[in-house]
Every structure is written in structure tokens, then in C-alpha cells.
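This structure is in C-alpha cells; I'll ask about it shortly.
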Amino acid sequence: MNPEYFNNNILLIQFKKMLLSVVKDFHEEKQVFNKHEAAKFLCISVHTLERLAFKKNEIAYSKPAKHAVFLRTDLLSFLKRRRIPSIYDEGV
């Protein structure tokens, strides 16, 4: 058997494993957070999250049962709205 063929197969197998790992991680990424997880995701306190969501309505949430849950897309949207552009952003 050609040694180059053997080395290429090993590289191909390693690449497939790495690709499958990345895809698996992407699909397992959390999409729904409780208030403690959401606060941690936003790097703010739970108290601040409660004030922003429940009193000021700045962060969207859902209440499918007794407790509120936060969608990853809503948390990212909140962060984007609060973003302060740099001097290097286009159009500034």
C-alpha cells in the first residue's frame, strides 16, 4: 500500500471527525435560557435582567408556564440594539 494514500486517509478521517464535532456543537447550542442563564449570557446580574425585561420591556421574554424564558435571538437582538458603534464602522 502506498504510504501517501495511508497518510491522506488518516487526514481525511481526522478532518471528518473534526467537522462532525463542530456540527454537533452548533446543533447543541442552547436556544432557550432561564433568567439566571440569560443574565450570565448577557454578563449582567439577574436583578438587572429582571428590571430590563419585566419593568422596562427592553428584553423580550416568553412565559410558557410559571417562569419566564428568554430566546437566544432576543438576547442577541438586545445586545445589538445596545451596541455602541466604533469610529471604524461604515457610515460614521
Side-chain angles (χ1 to χ4, degrees):
M1 186 180 285
N2 184 351
E4 186 177 310
Y5 173 80
F6 182 72
N7 288 337
N8 286 341
N9 274 349
I10 289 176
L11 288 173
L12 184 60
I13 290 169
Q14 289 175 339
F15 178 73
K16 284 181 181 179
K17 285 181 183 178
M18 183 182 69
L19 186 60
L20 288 173
S21 174
V22 169
V23 169
K24 182 181 174 190
D25 289 346
F26 177 76
H27 285 294
E28 290 179 355
E29 195 171 88
K30 194 166 179 80
Q31 299 297 318
V32 179
F33 300 90
N34 64 32
K35 66 181 179 180
H36 298 282
E37 295 166 333
K40 186 175 181 181
F41 181 80
L42 294 174
C43 301
I44 59 176
S45 70
V46 173
H47 175 75
T48 301
L49 175 76
E50 290 171 338
R51 183 173 45 81
L52 290 170
F54 307 141
K55 291 184 180 175
K56 292 188 171 189
N57 290 332
E58 289 189 33
I59 301 175
Y61 63 94
S62 298
K63 263 188 132 171
K66 187 176 180 179
H67 301 284
V69 294
F70 299 85
L71 299 177
R72 177 191 247 356
T73 55
D74 292 333
L75 298 176
L76 292 173
S77 175
F78 168 76
L79 288 175
K80 286 178 184 174
R81 285 192 313 272
R82 287 283 188 102
R83 183 177 179 274
I84 299 169
S86 84
I87 60 171
Y88 300 106
D89 284 347
E90 288 185 28
V92 176

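Quick note: residue numbers are just sequence positions, from 1.
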Please determine whether residues Leu76 and Phe70 belong to a single hydrophobic cluster, defined as Ile, Leu, Val, Met, Phe, Trp and Tyr linked transitively by side-chain heavy-atom distances below 4.5 Å.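 Cluster IDs for Leu76 and Phe70 match.
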CZ of Arg82 to CG of Leu42: how many Å apart, nearest 0.5 Å?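 Rounded to the nearest 0.5 Å, the CZ-CG separation comes out at 10.0 Å.
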Do Ile59 and Phe41 belong to the same hydrophobic cluster, where Ile, Leu, Val, Met, Phe, Trp and Tyr are linked whenever their side-chain heavy atoms lie under 4.5 Å apart, directly or via other members?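 Yes, it is one cluster - the side chains of Ile59 and Phe41 are joined through contacts under 4.5 Å.
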So, Ser62 side chain and Pro64 main chain: donor-acceptor pair closer than 3.5 Å or not?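 Not confirmed, Ser62 side chain does not pair with Pro64 backbone.
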Can you name the closest pair of heavy atoms from Phe78 and Glu58 and give their distance?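 For Phe78 versus Glu58, the nearest heavy atoms are CD1-O, 3.6 Å.
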Specify whether Phe54 and Tyr61 have parallel, tilted or perpendicular ring planes, treating 30° as the upper limit for parallel and 60° as the lower limit for perpendicular.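 Aromatic pair Phe54/Tyr61 classed perpendicular.
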On a heavy-atom basis, which atom in Leu75 and which in Ala38 lie closest, and how many Å separate them?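 The pair with the smallest heavy-atom distance is CD1-CB, 3.9 Å.
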Mind checking whether Asn34 and Val69 have side chains closer than 4.5 Å, heavy atoms only?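 Of all side-chain heavy-atom pairs linking Val69 with Asn34, none is under 4.5 Å.
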Gap separating the CG atom of Leu52 from the CD atom of Glu50, nearest 0.5 angstrom: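 Between atom CG of Leu52 and atom CD of Glu50 there are 10.5 Å.
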Looking at Val46 and His36, what are the two nearest heavy atoms and their distance?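 Closest approach of Val46 to His36: CG2-ND1, 3.4 Å.
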What's the shortest heavy-atom distance between Glu37 and Val32, and which atoms?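 Closest heavy-atom pair between Glu37 and Val32: OE1-O, 4.1 Å.
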Side-chain touch Arg51/Lys56, heavy atoms, less than 4.5 angstrom: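 Sidechains of Lys56 and Arg51: in contact.
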